[in-house]
Amino acid sequence: MWHGATHAFKDLAMSCVGQFLDYFLKKNNRHVNILVGTSGDTGSAAIESVRGIPNIDITVLLPHGRCTEIQERQMTTVIEDNVHVYAVDGTSDELDEPIKKLFGDTEFVKRHNLMSTNSVNWARVMVQIAHFFYGYFQCAPSQDNELLPPVEIVVPTGGAGNITAGCIAQKMGLPIQLVAVVNSNDIIHRTVQKGDFSLGNTERTLASAMDIQEPYNMERILWLAADSDSLKIKELMNEFNEKKGLNLPPELHIQLLQMMKSCSVTDDDILQTIRRCWEENRCLLCPHSAVAAFYHYRQFDLNQNLPRCCLAPASAAKFQDVTLRAGLIPEVPPEIEALMKKETRCTYLKKQDNWERVLREKLEAIDQKRKGNI
């Protein structure tokens, strides 16, 4: 799924969202400020989709040192005037906090035409539904006058936007069995297995884009599992936000289990899977793709061999250190190699800086500059 401009699965949905925005903003003579938090691939895909578009400014926060160098450079080497990048001393969950506060200020959002292209944006999820139909029909070609057979689709899961698209595909009638596979940041796994939707400490893993303990799309998944009972989910999410954890009601947990299974994978599992895939198929996996392939190998070794599609969200070329740790030689395409020679531009924010205030001042400055140019 990573054959796009930034070698990540998010390129497909982002490129569509960027074009939707460009069309409607030109048509209505409007400008928007996009504010994005990233754990790795979202930021570069979001930037690539709107770079140079005159009616859009994009501000991205990335967790400095917690992405790979290539992921960072895909963001910091873009020097278009409408792109503003901040590297913060913190986790992806921590950088989400000031972003939430800004979006919670409705007057500020309205004044600055603020929006997001994280997977909180419905258009992102909408386009990603296509992944599941495409993957399904690769495993089960359409046959007239026959019931479509079930296919298991294994989804590496961090913020849970992609598997939310899978849940909607299920609701649309696609006969898929979903598997959410996570790293040691296992809140989704605990929620599916035990109904334990509670925060833990964010751990650094080889699958860094999945180092998330507060997957905001779980609210959507629970809403789908609850047959769109908005009041019930609002009460549960209020409890979660207040107590930083909750136990799902038994009937909701049962409904969630009917939608998906789950699995948690360690760094050692990731490295072993990368090596096995190379030895058996001569195919290099990124650590996030290896999370899905680990589940497949485990089921395959147990002779659980129903049709299965593992989603591969990023190119191994973006995770060369992990490839080396697996004892293999990275394959680096020319466009990735060229990043290392480009100049970079970003602003670094220390932990003690007031990130929310910096963002507010930046967005004010963008709009003031824009008004001066009109």
Side-chain angles (χ1 to χ4, degrees), residues 8 10 35-47 59-76 84-104 116-120 156-163 180-191 196-219 237 240-245 264-267 270 286-288 291 313-314 318-319 321-322 346-359 362:
K10 298 174 184 182
L35 181 57
V36 170
T38 185
S39 58
D41 289 328
T42 299
S44 55
I47 289 170
T59 301
V60 175
L61 272 69
L62 65 91
H64 182 51
R66 292 175 180 265
C67 308
T68 68
E69 184 179 6
I70 288 168
Q71 285 175 310
E72 284 203 15
R73 281 182 166 271
Q74 284 185 317
M75 293 177 263
T76 60
H84 319 279
V85 178
Y86 289 87
V88 307
D89 179 17
T91 67
S92 58
D93 284 330
E94 289 170 337
L95 64 81
D96 277 340
E97 288 303 313
I99 293 174
K100 286 180 190 174
K101 289 178 181 176
L102 263 63
F103 279 109
S116 174
T117 52
N118 283 98
S119 58
V120 70
T157 303
N162 207 24
I163 200 165
V181 191
V182 302
N183 57 23
S184 55
N185 297 290
D186 64 350
I187 183 171
I188 292 176
H189 178 53
R190 286 185 283 108
T191 304
D196 173 20
F197 186 42
S198 59
L199 295 184
N201 294 322
T202 305
E203 299 180 19
R204 297 182 71 162
T205 74
L206 297 179
S208 55
M210 295 159 53
D211 290 348
I212 293 170
Q213 279 287 4
E214 197 165 348
Y216 48 80
N217 280 290
M218 274 304 294
E219 181 173 356
M237 292 310 299
F240 174 79
N241 291 329
E242 181 181 340
K243 299 179 179 178
K244 301 303 178 186
S264 179
V265 177
T266 68
D267 278 356
I270 289 171
C286 88
H288 311 84
V291 165
K318 300 176 76 169
F319 301 90
D321 289 347
V322 178
C346 75
T347 303
Y348 293 93
L349 297 180
K350 299 176 183 176
K351 198 171 281 288
Q352 62 268 29
D353 292 334
N354 187 325
W355 302 351
E356 180 188 352
R357 186 178 66 197
V358 170
L359 289 175
K362 180 62 178 179

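Fair warning: this is a prediction, and the values are worked out from it, not measured in the lab. The basis for the numbers below is simple: all heavy atoms, side chains too, and nothing from hydrogens, waters or symmetry mates.
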Chemist: Could you report the tightest heavy-atom contact between P63 and T91, atom names first, then the distance?
Modeler: CB-C, 4.1 Å

Chemist: Heavy-atom distance under 4.5 Å between the side chains of L35 and F103, does that happen here?
Modeler: yes

Chemist: Evaluate the side-chain proximity of E356 to L102: yes if any heavy-atom separation is below 4.5 Å, no if none is.
Modeler: yes

Chemist: Is any side-chain heavy atom of S44 closer than 4.5 Å to one of K318?
Modeler: yes

Chemist: Side-chain contact test, heavy atoms from C-beta onward, threshold under 4.5 Å: evaluate it for H288 versus F319 and give yes or no.
Modeler: yes

Chemist: If I take atom CG from residue D353 and atom CG from residue D89, how far apart are they, to the nearest 0.5 angstrom?
Modeler: 9.0 Å

Chemist: If you round to the nearest 0.5 Å, how far is CG of L206 from OG1 of T68?
Modeler: 12.0 Å

Chemist: Indicate yes or no: does E94 engage R66 in a salt bridge with an N to O separation below 4.0 Å.
Modeler: no

Chemist: With respect to I212, which candidate in I188, N185, D93, V182 satisfies the side-chain contact (heavy atoms from CB on, under 4.5 Å) definition?
Modeler: D93

Chemist: Any chance NZ of K351 has more than 12 other-residue heavy atoms, nucleotides or ligands included, within less than 6.0 Å?
Modeler: yes

Chemist: Rounded to the nearest 0.5 Å, what's the gap from CG on N183 to CD1 on I270? Could you check?
Modeler: 6.5 Å

Chemist: Quick one: pull up CG in N241 and CD in E214 and give me the separation to the nearest 0.5 Å.
Modeler: 7.0 Å

Chemist: Mind checking whether Q71 and S208 have side chains closer than 4.5 Å, heavy atoms only?
Modeler: yes

Chemist: Answer yes or no: is there a side-chain heavy-atom contact under 4.5 Å between K362 and Y86?
Modeler: yes

Chemist: What pair of heavy atoms forms the shortest contact from P313 to P156, and how long is it?
Modeler: CD-CG, 3.9 Å

Chemist: Does W355 reach the side chain of K101, with side-chain heavy atoms less than 4.5 Å apart?
Modeler: no

Chemist: Please report the shortest heavy-atom distance between A209 and S39, naming the atom on each side.
Modeler: O-OG, 2.8 Å

Chemist: For Q213 and G200, work out which heavy atoms get closest and say how close.
Modeler: CG-O, 3.4 Å

Chemist: Under a 3.5 Å threshold, yes or no: a donor from one side chain and an acceptor from the other, between D211 and T205?
Modeler: yes

Chemist: Quick check: do T347 and V358 have side-chain heavy atoms less than 4.5 Å from each other?
Modeler: no

Chemist: As an exercise, state the distance from OG of S184 to NE2 of H189, rounded to the nearest 0.5 Å.
Modeler: 11.5 Å

Chemist: With K10, which of T38, D41, T117, T42 fulfils side chain to side chain donor-acceptor pair (under 3.5 Å)?
Modeler: T42

Chemist: Residues in side-chain contact (heavy atoms from CB on, under 4.5 Å) with T191, at least two apart?
Modeler: I187, F197, M218, L248, L256

Chemist: Tell me if the CD atom of E97 is crowded by more than 12 foreign heavy atoms within 6.0 Å.
Modeler: yes

Chemist: Could I get the full list of side-chain hydrogen bond (donor to acceptor under 3.5 Å, both in side chains) partners for N118, not counting sequence neighbours?
Modeler: S116

Chemist: With sequence neighbours excluded, tell me which residues meet side-chain hydrogen bond (donor to acceptor under 3.5 Å, both in side chains) with R190.
Modeler: D186, D196, S198

Chemist: Pick from D96, V85, L95: which one makes a side-chain contact (heavy atoms from CB on, under 4.5 Å) with L61?
Modeler: L95

